[in-house]
Visitor: 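One structure follows; several queries about it will come next.
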Amino acid sequence: MAEPWATLGIDLLVEPTGPGLRRGLTDALREAARSGRLAPGTRLPSSRALAADLGIARNTVADAYADLVAEGWLTARQGSGTRVAMGVPPTPLRQWGREAVPPSGTAPHPRALTRPAYDLRPGSPDLASFPRAEWLKAARRALTAAPYQALDYGDPRGRPELRAALAGYLSRARGVRADPERIVVCAGFAHGLKLLGTVLRARGARTVAVESYGLGAHGRILAASGLHTAPLPFDRLGTDPRDLAAAEAVLLTPAHQFPMGVPLHRDRRTAVVDWARRTGGLVLEDDYDGEFRYDRQPIGALQGLDPDRVVYLGTASKSLAPGLRLAWMVLPPGLAEEAAAAKGGVDTCGVLDQLTLAEFLTSGAYDRHVRTTRLRYRRRRDALVAAVAARAPEARVTGIAAGLHVLLSLPPGTEQSVVQAAHWRGLALHGLARYTNPAAQAEPVDALVVGYGTPPDHAWSGALDALCTVLPG
């Protein structure tokens, strides 16, 4: 019996044009390689499979392949099949006036961005330390145990296995009063904030108070939901909540303020919760790196003071990897249903990664990984503090008790020049100005926000040397 065409290998969309099948196929394949639609190294179907797909003779395909191999567009090796050749010459650009213009229907490739030699920007962990072997073991166990219904369209709140595992972990490790029914899994913190913005606007909220220092992207997400953001004052005790009268909600990083690095003072924690109870307001607690505290016991989540007025937001982006796109919200009663409705009628987060993280949490692998990385990051922090004290005494290190970054205070007027000098030396650094709300009533402060999570272990000493080289003194 003839073998069905549907089982004959990989698919390739190609339309022979022009006089003659062989020439038309050759021209079509050449143009696909020239334009970049078939990237260098792409494996092509066998001559038999492509002939069956196109309904033409196998010899026609074989001859077209042979022509393109002779021209250098394709390569053919025993055991490797036929592939688009590496280093295919790009399409020359026509000159029009002083600028090169691509032929109609094509676009020039963007210039490759130069990666820095060392990356000390905050916001990312050491990706080289991701626990691949343990994650793979957890994935195998989770997939083996999962019912086949788990692969269907799921509950918009997320897989019940992960919500149950998160409820247990957050209660134990962060002091969160969590009910699995009130947890909503989302694709990163930004996704969760977008959902909350939608819910708040639907409830009639107009203003969300934010911290004077933080990520501008969060304000843009809230603005896209139709909400106005108003920055709160900041001092040595953290964000000052006295100006909350005009807001319906407030977004805070109480355990470890980003980027200033201080915890919210206990009196102000109480004041924020009192405001929420008195006015019916909502506190959005961003616990972005709550697992990493080095010099004393972790500060419990603000949500533990009043689960009915505080939304707890956590993420795996700092503890594991941002590429997982997994975060979670623990919501007050009633709000969980509204957030799930804003998310849509089905779960939009990957089921297999959710099941794997659930297994990772319940097996204890997550705790082991956090303890291991906590020790590694503490050593890096200690080395950074010592190096700056010895080699750049004009810079003052603060915000060191927790997290994956420190704040380096600089002499007045030097922040921009230090950041530029670092750029010239291939060192990626961010200044505090990048994280200062332009509407905040705050005196300018020259400082660097230095992340020590990103570089792999083998590059850490080189990154420290590069940093100390550009610091004043």
Side-chain angles (χ1 to χ4, degrees), residues 116-126 211-216 231 233-240 253 256-265 289 292-296 376-438 440-473:
Y118 301 106
D119 191 349
L120 293 181
R121 292 172 292 190
S124 181
D126 177 6
E211 296 172 310
S212 290
Y213 301 96
L215 290 174
F234 181 90
D235 58 27
R236 63 183 181 83
L237 301 180
T239 298
D240 190 339
T253 51
H256 183 229
Q257 204 284 328
F258 181 85
M260 304 304 282
V262 300
L264 187 63
H265 190 273
D289 61 0
F292 298 114
R293 194 158 195 90
Y294 309 113
D295 297 327
R296 59 178 182 267
R376 178 184 297 119
Y377 293 142
R378 177 171 182 167
R379 289 170 177 165
R380 291 187 186 186
R381 182 210 63 174
D382 292 347
L384 190 158
V385 172
V388 170
R391 300 169 59 181
E394 292 186 35
R396 186 169 61 91
V397 185
T398 59
I400 65 174
L404 300 178
H405 77 276
V406 299
L407 193 75
L408 285 184
S409 299
L410 301 174
T414 61
E415 178 183 315
Q416 185 175 357
S417 61
V418 170
V419 172
Q420 185 61 58
H423 175 73
W424 288 336
R425 292 179 176 271
L427 175 63
L429 273 180
H430 283 172
L432 179 61
R434 184 185 186 95
Y435 302 103
T436 304
N437 191 312
Q441 301 297 317
E443 294 184 6
V445 176
D446 286 85
L448 300 176
V449 185
V450 181
Y452 50 84
T454 302
D457 286 340
H458 70 269
W460 180 235
S461 61
L464 272 184
D465 289 340
L467 172 65
C468 292
T469 300
V470 302
L471 291 177

Visitor: Which distance, rounded to the nearest 0.5 Å, do you find between the CG of L410 and the CG of L448?
Guide: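 Answer for the CG-CG pair, L410 versus L448, is 4.5 Å.
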Visitor: Would you call L407 and V449 a side-chain contact if the rule is heavy atoms closer than 4.5 Å?
Guide: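 Yes - at least one pair of side-chain heavy atoms lies under 4.5 Å apart.
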Visitor: Under 3.5 Å, side chain of R381 to main-chain N/O of Y452, donor-acceptor pair present?
Guide: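 Not confirmed, R381 side chain does not pair with Y452 backbone.
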Visitor: Using the benzene-type ring in the case of Trp, are the ring centres of F258 and Y435 under 6.0 Å apart?
Guide: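 Centroid distance F258-Y435: below 6.0 Å, so yes.
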Visitor: On a heavy-atom basis, which atom in L120 and which in P455 lie closest, and how many Å separate them?
Guide: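 The answer is CD2-CG, 3.8 Å.
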Visitor: Can you find a pair of side-chain heavy atoms, one from P116 and one from R121, that are under 4.5 Å apart?
Guide: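 When only atoms from C-beta onward are counted, R121 and P116 do touch, with a gap below 4.5 Å.
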Visitor: From L404 CG over to D289 CG, what is the distance, rounded to the nearest 0.5 angstrom?
Guide: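 Taking CG in L404 and CG in D289, the distance rounds to 5.5 Å.
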Visitor: Does some side-chain heavy atom of S212 sit less than 4.5 Å from a side-chain heavy atom of T239?
Guide: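 No, every pair of side-chain atoms sits at 4.5 Å or beyond.
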Visitor: For residues L432 and D446, determine if any side-chain heavy atom of one lies less than 4.5 Å from a side-chain heavy atom of the other.
Guide: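 Side chain of L432 against side chain of D446, heavy atoms only: no contact under 4.5 Å found.
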Visitor: Please answer whether the main-chain N or O of F234 pairs with a side-chain N or O of E211 as donor and acceptor at a distance below 3.5 Å.
Guide: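 Here the side-chain-to-backbone pair does not exist.
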Visitor: Rounded to the nearest 0.5 Å, how far apart are CZ of R434 and CG of L215?
Guide: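 Rounded to the nearest 0.5 Å, the CZ-CG separation comes out at 9.5 Å.
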Visitor: Is the number of heavy atoms from other residues, nucleotides or ligands under 6.0 Å of Q420 CD greater than 12?
Guide: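 Yes, the 6.0 Å shell around CD holds more than 12 heavy atoms from other groups.
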Visitor: One pair to check against side chain to side chain contact (heavy atoms under 4.5 Å, CB included): L471 and R391. What are the steps and the verdict?
Guide: CA-CA 9 Å; L471 291 177; R391 300 169 59 181; over 6 Å; no
Visitor: State whether the side chain of H430 and the backbone N or O of P122 hold a donor-acceptor pair below 3.5 Å, judged by distance alone.
Guide: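 Not confirmed, H430 side chain does not pair with P122 backbone.
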Visitor: For the residue pair P411 and P472, what are the closest heavy atoms and their distance?
Guide: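 Taking every non-hydrogen atom into account, CD-CG, 3.9 Å.
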Visitor: Rounded to the nearest 0.5 Å, what separates atom CD in E415 from atom OG in S409?
Guide: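 One gets 10.5 Å once the value is rounded to the nearest 0.5 Å.
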Visitor: Return the orientation label for the Y377 and F292 ring planes: parallel under 30°, perpendicular over 60°, tilted otherwise.
Guide: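 Ring orientation of Y377 relative to F292: perpendicular.
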Visitor: Of the non-hydrogen atoms in Y213 and P259, which two are nearest, and what is the gap between them?
Guide: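 So the minimum-distance heavy-atom pair works out to CB-CD, 3.4 Å.
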Visitor: To the nearest 0.5 Å, what is the distance between OH on Y294 and CZ on R378?
Guide: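 Rounded to the nearest 0.5 Å, the OH-CZ separation comes to 9.5 Å.
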Visitor: Let me see the working for H423 and V419 under side chain to side chain contact (heavy atoms under 4.5 Å, CB included), right down to the final yes or no.
Guide: CA-CA 6 Å; H423 175 73; V419 172; 5.8 Å; no
Visitor: Looking at every non-hydrogen atom in both residues, tell me the closest pair between M260 and Q257 and how far apart they are.
Guide: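 Heavy-atom minimum between the residues: N-OE1, 2.9 Å.
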Visitor: Just do the side chain to side chain contact (heavy atoms under 4.5 Å, CB included) check on L429 and L467 with the steps written out, would you?
Guide: CA-CA 9 Å; L429 273 180; L467 172 65; 4.0 Å; yes
Visitor: Do S461 and L464 have side-chain heavy atoms sitting under 4.5 Å apart?
Guide: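 Sidechains of L464 and S461: no contact.
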Visitor: Between D457 and R380, is a side chain to side chain contact (heavy atoms under 4.5 Å, CB included) present by the stated rule, with each step listed?
Guide: CA-CA 9 Å; D457 286 340; R380 291 187 186 186; 2.7 Å; yes
Visitor: Identify the two heavy atoms, one from H256 and one from G261, that lie closest to each other, and give their separation to 0.1 Å.
Guide: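 Taking H256 first and G261 second, the nearest heavy atoms are CD2-O, 3.2 Å.
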